[in-house]
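Encoded as structure tokens, the structure appears first; notes follow it.
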Amino acid sequence: MKEKQDIKFCKYDLNFLIRLKIHEFRKQDIENIDAKQIKSFLFNYKWKKKKSLPMCEIIDDVMNLEFSELFDYLSVEAVKEANTLDLNNFKEFIAK
């Protein structure tokens, strides 16, 4: 008797989807987005309150990710990070 194999979505599948999305962004001349930023958006914003997700939702969320959504998230994160820094961290930007 054959056991039914579960089709599981693993981190390698997610990494592959993210690489596809990065490639899509590159085709749109969006060069500075990396996998870490996309994962941060997905795990810390999009999926923050979800305990589990069906595979189809994961795929949809990655493949339907718009640059504008990601840009908005990264902008907010940059402001949050800047709030924790000291004025000395911005010396190169301050005219003398």
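Excluded from the calculations below are hydrogen atoms, water molecules and symmetry mates; all remaining heavy atoms, backbone and side chain alike, are included.
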Q | Side-chain heavy atoms of D72 within contact of Y45, under 4.5 Å | A | no

Q.
Once you measure the plane-to-plane angle for F67 and F71, does it fall in the parallel (<30°), tilted (30-60°) or perpendicular (>60°) bin?
A. tilted

**Q.** Carboxylate-amine/guanidinium proximity below 4.0 Å for K21 and E24
**A.** yes

Q: Name all residues meeting the salt bridge (Lys or Arg N to Asp or Glu O under 4.0 Å) criterion together with K36; count only those two or more places apart in sequence or in a different chain, and write none if there are none.
A: none

Q: Specify the closest pair of heavy atoms between V62 and I18, including all atoms of both residues, with the distance to one decimal.
A: CG1-N, 4.1 Å

(Q) How long is the straight-line distance from OH of Y73 back to CG of L42, given to the nearest 0.5 Å? (A) 9.5 Å

Q. Is any side-chain heavy atom of E69 less than 4.5 Å from a side-chain heavy atom of L65?
A. yes

Q. Does E57 use its side chain to pair, donor to acceptor, with the backbone of P54 at less than 3.5 Å?
A. no

**Q.** Spacing of L70 atom CG and E66 atom CD [to the nearest 0.5 Å]
**A.** 10.5 Å

(Q) Between K39 and N15, is there a side-chain donor-acceptor contact under 3.5 Å, judged purely by atom types and distance? (A) yes

(Q) Nearest 0.5 angstrom please: I22 CD1 to E31 CD, how far? (A) 11.5 Å

Q. So, do I58 and D13 sit near enough that their side-chain heavy atoms are less than 4.5 Å apart?
A. no

Q) If you group Ile, Leu, Val, Met, Phe, Trp and Tyr by side-chain heavy-atom gaps below 4.5 Å, do F25 and F16 land in one group? A) yes

Q: Please report the shortest heavy-atom distance between K46 and D61, naming the atom on each side.
A: CE-OD1, 3.5 Å

Q.
Within this structure, what is the OG-NZ distance for the pair S75 and K80, rounded to the nearest 0.5 Å?
A. 12.0 Å

Q: Carefully, step by step, assess I33 and L74 under the rule side chain to side chain contact (heavy atoms under 4.5 Å, CB included).
A: CA-CA 10 Å; I33 298 300; L74 294 173; 4.0 Å; yes

Q) Should we say atom CG of N32 is surrounded by more than 12 heavy atoms from elsewhere, each under 6.0 Å from it? A) no

